[in-house]
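Notes follow the structure.
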There are 2 protein chains.
Amino acid sequence: MKWLRTGPSGAGLAGGRVCFDELVPDRRPALDRDVIVRTALAVIDRDGVAGLTMRKFGAELGVDPMAVYYYLPDKGALFDAVVEAVHDEVGELLVEEGATWQSLVWETFQRTRRVLLRHPHTIPLVGTRPVLSPRMLARADRLIAALVEVGLTAATALNIVACARSYTVGYLLVEAGVPAGPPVGAGVADADVMVAYPSLAAGMAQGYDPDRQFGMGLRALLDGFPAG
Amino acid sequence: MKWLRTGPSGAGLAGGRVCFDELVPDRRPALDRDVIVRTALAVIDRDGVAGLTMRKFGAELGVDPMAVYYYLPDKGALFDAVVEAVHDEVGELLVEEGATWQSLVWETFQRTRRVLLRHPHTIPLVGTRPVLSPRMLARADRLIAALVEVGLTAATALNIVACARSYTVGYLLVEAGVPAGPPVGAGVADADVMVAYPSLAAGMAQGYDPDRQFGMGLRALLDGFPAG
DNA sequence: ACCTGAACACCGTTCAAGT
DNA sequence: ACCTGAACACCGTTCAAGT
């Protein structure tokens, strides 16, 4: 399986800029949309989404907090850019000989999950901010095209991808979700759980293997789809 | 199909209270945990999650903003309580003659979706705040028990429920997700979309029916599960 | 073109006080 | 027991100004 990294990393940032102040012609911008976004991702990885405030973020960049607003309209746009950066990291599948639609969808979302688990704090953002940028749409378009190439109709392909994406994001949300606050009744000891919630306890007796469980659900989704 | 409303609504709030000030013995609290939570849900339904600030919320309740803190430790706890209230509204399935594990899981999450679509602004909350309160755990426990009754092992039941829940929440998130801000490249006309993203456009040509698509995915998940 | 700094209109929460 | 009010330590963003 080969993966293609899409997105801008590495591009941009070169080339001589025209500077308005002609007396100091080679002063360069301290900032850059790309470093802003990458730094934001790093901060979120470290401190969580709530840990990224525009003021602290400015300090992190070594710049006045308001400088960021020259490149992005507001905090929401920064979050959207971070989501897009994470999706760029997932990249794109290269179709190989013998690929089936099942193998393509399977690999796509297995990889999506693995990448998102490396950025767990971005998962609520990814689940919550559907970004419809040209790069995102183009990637979706090529995935659909690949699935059509191996035999699906475009409508079915879209259907399956939408469902598999929903499942993956939903699964990641609960997987990465730190149980919010200590709510009513937290701190129940394991032994107590067994008598209070016997069926739940019985179901968890074998332990919980998130990789396996995720795979079973994704497999079931593909096997059950009335497509092939 | 019969549904049981679980949760506290209707209980509480009666009974004579003991008042510390014995000279004015029948003064009653202006507030109540239950009215706080119900009001919060109503405000979120109307104004969205960001529209609920503790200060405006106090005004809505006709009370000093800080009064709420007597009943709940912080805003996060308020959100958790709202999530629980929504789950109470979903209620619980009564097992009928001839039920199969497929029919039970199907009905449970179809109903979950219908209820959450009546409170679309709470969906990010539900997806993002896994509440593990006794009521939630008890409901999960009884669902597992019901599935065991119709033939599943507890482990398989838990597995399937976890996957179906992930799928449902993930699906609702994109369904209710207002595309964040006008990101790069928004405002592309339909005709342009067709040439820029031909496969995507072909897939959407028949139109998009969220009910049908959700049902297909859930059905596939159930049909594909190696359980029966 | 790119960045700064002050200012505006908010936040959630602590804490001492009132009744 | 239940609620108030002032105060603290923050926010995101606008806008005029600097270079």
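In what follows, chains carry the letters A, B, and so on, assigned in the order in which the sequence lines appear, proteins first and then strands, with residues in each chain numbered from 1. Values below: every heavy atom of this structure, side chains too, minus hydrogens, waters and symmetry copies.
Note on B:Y70: every side-chain N or O is 4.0 Å or more away from OP1 and OP2 of D:dC3.
Nearest approach of A:L117 to A:P120, heavy atoms of both residues: O-CD, 3.3 Å.
One interatomic measurement links the two molecules: CG of B:L72 to C1' of C:dG12, which rounds to 14 Å at whole-angstrom precision. Counting to the nearest Å, the C1' atom of C:dG12 and the CZ atom of B:F79 are 11 Å from each other. At whole-Å resolution of the value, NZ in B:K56 and P in C:dC11 are 7 Å apart. Separating the CG atom of A:L61 from the C1' atom of C:dT4 is a distance of 15 Å, rounded to the nearest angstrom. Atom C1' of nucleotide C:dC11 and atom CE of A:M54 are separated by 16 Å, given to the nearest angstrom. Going from atom NZ of A:K75 over to atom P of D:dT14 covers 14 Å, rounded to whole Å. The separation between B:L31 atom CG and C:dT19 atom C1' is 17 Å, rounded to whole Å.
Residue-level contact check: A:M66 touches the bases, meaning some heavy atom is under 4.0 Å from a base atom. Backbone-only contact: B:Y71 has heavy atoms under 4.0 Å from sugar-phosphate atoms and none from a base.
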For B:V82 and B:I44, what are the C-alpha separation, side-chain angles and deciding distance, and is it a side-chain contact (heavy atoms from CB on, under 4.5 Å)?
-> CA-CA 9 Å; B:V82 167; B:I44 290 173; 4.2 Å; yes
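Base pairing analysis places C:dT13 opposite D:dA7; the two distances defining the Watson-Crick or G-U wobble pair are each below 3.5 Å. When both pairing distances are held under 3.5 Å, D:dA1 makes a Watson-Crick or G-U pair with C:dT19.
Comparing A:D64 and A:R55 by the nucleotide of DNA chain C that holds the closest heavy atom to each, the one mapping nearer the 5' end is A:D64.
Taking CE of B:M204 as the start and CG of A:L158 as the end, the distance is 7.0 Å to the nearest 0.5 Å. For the atom pair CG of B:D80 and CG of B:L125, the computed distance is 8.0 Å after rounding to the nearest 0.5 Å.
When distances are taken from the side chain of A:P29 to each of D:dG12, C:dT4, C:dC2, the shortest belongs to C:dC2. Closest contact between the side chain of A:T53 and the listed nucleotides D:dC11, C:dG12, C:dT4 involves D:dC11.
Between A:F214 and A:Y167, a ring centre-to-centre spacing shorter than 6.0 Å is recorded.
Distance noted for atom C1' between D:dA7 and C:dC11: 14 Å (whole Å).
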